Enquirer: 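Questions regarding the structure given below will be posed in turn.
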Amino acid sequence: MAQPHILIFDSGVGGLSVYQAIKATLPDAQYTYLFDNAAFPYGELEDQRLVHRVFALIKATCERHAVDIIVIACNTASTLVLPTLRDALSIPVVGVVPAIKPAAALSQHKAIGLLATPATVNRPYTAQLIADFAKDCRIVSVGTTALVHMAERKLRGEAVNQQDLSAILAPFDSHIDVLVLGCTHFPLLHDEIQAAMGEQVQLIDSGAAIARRIVSLVDNLHIGGATVTTRDHRAYATATPIKADALSEFIHSIGFKHINYSPTFLVRSLHGL
Ligand code: DGL
């Protein structure tokens, strides 16, 4: 199979959960990871600012690298920015949105929890997903930024406070049998969330479905092959993170050779925004 160059985007480290799911399926592809930590968290960012930033950053990165597929590995961004990107770009843009449809099919009790950022739970896109695919289900939504920060801290080597986590999950009642992890940061806390919810609740995220979607794009559109000249995966961020050494160590450990915090081409792309 031809090997594509895949650009994965998020506000922070959450998209690394999607990268891991895609890489498990396409280990030989070329990966570039881009995160906009200067404007993190996206779950509390004003809509137009989010659209302008994502567009500018993706465009600048595609001008620098011959990318074959873009993955917006962020529910908060995908539920808003996909039409703008798809209108402007000629390469496929794959979005990550809450896995409401498979959750509704799985739920025996017809009671689903949605755990996402405050922006994602309030987006019209999410309301439409529920109306289209989960009309017969009761949905309990929790919008949280605290959990996003917790996932970031975990990847910087800090311990997860299980009590704080349980307090965030407290609104989910005992009838819920499927919990949608509607933010890509949350699979990074999968085991901790599972422990808090109990084994009777099935956690579901979009990682595996996105990986399947990418494989079908590569197969059907004959993407990739010509552009991949190196397997040195690269990560870019828009700011130097807190505890950069600990985070860099993690990012290196999952396969990225080069990490570049706030390179000039990204800083320039955001000028005036
Ligand atoms: N990882 C993101 C998501 O899937 C966004 C987290 C944030 O920046 O608020 O929604």
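Nothing fancy with the numbering, it's 1 onward along the sequence. Remember, it's a predicted structure, so these values are computed and weren't measured experimentally. When a ligand or atom number is given, it counts from 1 through the structure's own listing order.
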Enquirer: If you apply the rule side-chain contact (heavy atoms from CB on, under 4.5 Å), what do you find for Asp205 with Val96, and how did you get there?
Expert: CA-CA 10 Å; Asp205 65 64; Val96 175; over 6 Å; no
Enquirer: Give, for atom CG of Leu169 and atom CE of Met197, the distance between the pair rounded to the nearest 0.5 Å.
Expert: 6.0 Å
Enquirer: To the nearest 0.5 angstrom, please state how far the OG atom of Ser78 sits from the OH atom of Tyr42.
Expert: 11.0 Å
Enquirer: Would you say Tyr261 and Ser248 are linked by a side-chain donor-acceptor pair, where the criterion is simply a distance under 3.5 Å?
Expert: yes
Enquirer: What are the polar N/O contacts of ligand 1 with the protein below 3.5 Å, with distances?
Expert:
unit_1, atom_1, unit_2, atom_2, d
ligand 1, 1 (N), Asp10, OD1, 3.1
ligand 1, 1 (N), Asp10, OD2, 3.2
ligand 1, 1 (N), Thr184, OG1, 2.9
ligand 1, 1 (N), His185, ND1, 2.8
ligand 1, 4 (O), Asn75, N, 2.8
ligand 1, 4 (O), Asn75, ND2, 3.2
ligand 1, 4 (O), Thr184, N, 2.8
ligand 1, 4 (O), Thr184, OG1, 3.2
ligand 1, 8 (O), Ser11, OG, 2.6
ligand 1, 8 (O), Tyr42, N, 2.7
ligand 1, 9 (O), Tyr42, N, 3.3
ligand 1, 9 (O), Gly43, N, 2.8
ligand 1, 10 (O), Asn75, N, 3.4
ligand 1, 10 (O), Thr76, N, 3.1
ligand 1, 10 (O), Thr76, OG1, 2.5

Enquirer: Looking at Asp191 and Lys154, does any basic side-chain N land under 4.0 Å from a carboxylate oxygen?
Expert: no
Enquirer: Determine the sole option in Asp10, Leu80, Thr120 for which the side-chain contact (heavy atoms from CB on, under 4.5 Å) test with Asn75 is passed.
Expert: Thr120
